[in-house]
S.K.: 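One structure coming up, written as structure tokens, with questions to follow.
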Amino acid sequence: MIGSQVSRRMIDEQFMRNAIAIAHDGTRQNEVPIGAIVVQNGSIVSGANNRTVRDQDATAHAELLAIREACAALDRWRLDDCTLYVTLEPCAMCAGAMVLSRLKRVVFGAWDEKAGMAGSVGDLLRHPRLNHMPEVEGGLLADECGLLLLDFFGPKR
């Protein structure tokens, strides 16, 4: 069991590094550096960074865009065999979409003490009255993911 946990951790870290790379792409467009990918059977199905500024759309969060793209690529709305990796703890809107799309797992990096809905402000992903609860792992490569945000917002403040 220990070996499989180490192996899973290594795989999760690699996919989170992919999400971090996508988040970096967003900074070149002056977007908040959040990246998300959807993985099925060890392969990346979709990936996106925030596009709220570029698209002038408050709902253009990385997670929602990655979920939409994955649903289109797989030609179905249920992602019950997929894992979503995202660099920041999901907000209420994104957590709701994760529940509704029936994601199997959600893995996130940095905690969001102001808007996080996977344990920080609330826990929509594991709310006992909802019809689906994905497996959730938080804090994976949290320092690296948090540094993306500090580097982005530091000069602006």
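Heads up: numbering here begins at 1 and tracks the sequence. This structure is a prediction, so every number in the text was calculated from the model and none was measured.
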S.K.: Can you see which heavy atom on Leu65 is nearest to which on Ala60, and at what distance?
M.R.: CD1-O, 3.7 Å
S.K.: How long is the span from the CZ atom in Arg28 to the CG atom in Asp25, to the nearest 0.5 Å?
M.R.: 4.5 Å
S.K.: Quick one: are Met16 and Glu144 in side-chain contact, heavy atoms under 4.5 Å?
M.R.: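 They are not in contact (no side-chain heavy atoms under 4.5 Å apart), so the answer is no.
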S.K.: Same cluster or not: Ile11 versus Ile22, using hydrophobic residues (I, L, V, M, F, W, Y) connected whenever any side-chain heavy atoms lie under 4.5 Å apart?
M.R.: yes
S.K.: Ignoring hydrogens and angles, write down the donor-acceptor pairs under 3.5 Å from the side chains of residues 92-102, residues two or more places apart or on other chains.
M.R.:
{"residue": "Ser101", "atom": "OG", "partner": "Ala97", "partner atom": "O", "Å": "3.0"}
{"residue": "Ser101", "atom": "OG", "partner": "Met98", "partner atom": "O", "Å": "3.3"}
{"residue": "Arg102", "atom": "NH1", "partner": "Leu100", "partner atom": "O", "Å": "2.9"}

S.K.: Applying the 4.5 Å side-chain criterion to the ILVMFWY set and letting contacts propagate, would Leu88 and Phe108 be lumped into a single cluster?
M.R.: yes
S.K.: Taking all atoms of both residues into account, what is the closest heavy-atom pair of Ala23 and Asn49, and its distance?
M.R.: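 Result for this residue pair: CA-CB, 4.5 Å.
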S.K.: To the nearest 0.5 Å, how far apart are CD1 in Ile44 and CD in Gln14?
M.R.: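 If I round to the nearest 0.5 Å, the distance is 8.0 Å.
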S.K.: In the structure I gave you, are the side-chain heavy atoms of Asn30 and Phe152 within less than 4.5 Å of one another anywhere?
M.R.: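 Yes; the side chains approach each other to less than 4.5 Å.
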S.K.: What is the distance from atom CG of Asp55 to atom CG of Asn50, rounded to the nearest 0.5 Å?
M.R.: 10.0 Å
S.K.: Heavy-atom distance under 4.5 Å between the side chains of Glu63 and Leu84, does that happen here?
M.R.: yes
S.K.: Treating Arg126 as the side-chain partner and Ala118 as the backbone partner, does any N or O pair qualify as donor plus acceptor under 3.5 Å?
M.R.: yes
S.K.: Kindly say whether Glu69 contributes a backbone atom to a donor-acceptor pair with the side chain of Ser46 at under 3.5 angstrom?
M.R.: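 Here the side-chain-to-backbone pair does not exist.
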S.K.: Please check if the number of heavy atoms outside Asn131 that lie under 6.0 Å from its CG is greater than 12.
M.R.: yes
S.K.: Can you tell me if Asp112 uses its side chain to pair, donor with acceptor, with the backbone of Lys114 under 3.5 Å?
M.R.: yes
S.K.: Are side-chain heavy atoms of Asp80 and Leu103 found at a separation under 4.5 Å?
M.R.: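 Contact flag for Asp80/Leu103 side chains = no.
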S.K.: Is it true that a side-chain atom of Thr87 and a backbone atom of Gly35 form a donor plus acceptor pair closer than 3.5 Å?
M.R.: yes
S.K.: How far does CZ of Arg76 sit from CZ of Arg78, to the nearest 0.5 angstrom?
M.R.: 10.0 Å
S.K.: Under 4.5 Å between side-chain heavy atoms, hopping through other hydrophobics if needed: is there a path connecting Ile67 to Met117?
M.R.: yes
S.K.: Are Trp111 and Leu140 in one and the same hydrophobic cluster, where Ile, Leu, Val, Met, Phe, Trp and Tyr link if side-chain heavy atoms are under 4.5 Å apart?
M.R.: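 As far as the 4.5 Å side-chain criterion goes, Leu140 and Trp111 are not connected within one cluster.
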S.K.: So does Arg105 pair up with Glu137, basic N to acidic O under 4.0 Å?
M.R.: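 Yes, Arg105 and Glu137 are salt-bridged.
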S.K.: Does a donor on one side chain and an acceptor on the other come within less than 3.5 Å for Tyr85 and Asp12?
M.R.: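 Short answer, yes.
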S.K.: Test your reading of the model: is there a side-chain donor-acceptor pair from Gln29 to the backbone of Gly26, 3.5 Å cut-off?
M.R.: no
S.K.: For the residue pair Ser43 and Asn41, confirm or rule out a side-chain donor-acceptor distance under 3.5 Å.
M.R.: no
S.K.: Are any non-hydrogen side-chain atoms of Val32 and Leu149 less than 4.5 angstrom apart?
M.R.: yes
S.K.: For Val38 versus Ala66, what's the shortest heavy-atom pair and its separation?
M.R.: CG2-O, 3.8 Å
S.K.: Any donor and acceptor pair, going by atom type alone, linking the side chain of Asp57 with main-chain N or O of Thr59 inside 3.5 Å?
M.R.: yes
S.K.: Side chains of Lys104 and Pro134: closer than 4.5 Å at any heavy-atom pair?
M.R.: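 When only atoms from C-beta onward are counted, Pro134 and Lys104 do not touch, as no gap falls below 4.5 Å.
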S.K.: Is any side-chain heavy atom of Ile34 closer than 4.5 Å to a side-chain heavy atom of Cys145?
M.R.: no
S.K.: Say whether, by atom type as modelled, one donor and one acceptor occur between the side chain of Gln40 and the main chain of Thr83 under 3.5 angstrom.
M.R.: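 Pair absent, no side-chain N/O of Gln40 close to backbone of Thr83.
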S.K.: Test your reading of the model: is there a side-chain donor-acceptor pair from Glu89 to the backbone of Gly119, 3.5 Å cut-off?
M.R.: yes
S.K.: In terms of hydrophobic clusters joined by side-chain contacts under 4.5 Å, are Val107 and Phe15 together?
M.R.: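 Yes: a chain of side-chain contacts under 4.5 Å links Val107 to Phe15.
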S.K.: Looking only at non-hydrogen atoms, find the nearest pair between Ala110 and Gly146 and report the distance.
M.R.: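 Residues Ala110 and Gly146, closest heavy atoms: CB-N, 3.7 Å.
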S.K.: Is there a side-chain contact between Val45 and Val39, using heavy atoms and a 4.5 Å cut-off?
M.R.: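 No. Closest side-chain heavy atoms not under 4.5 Å.
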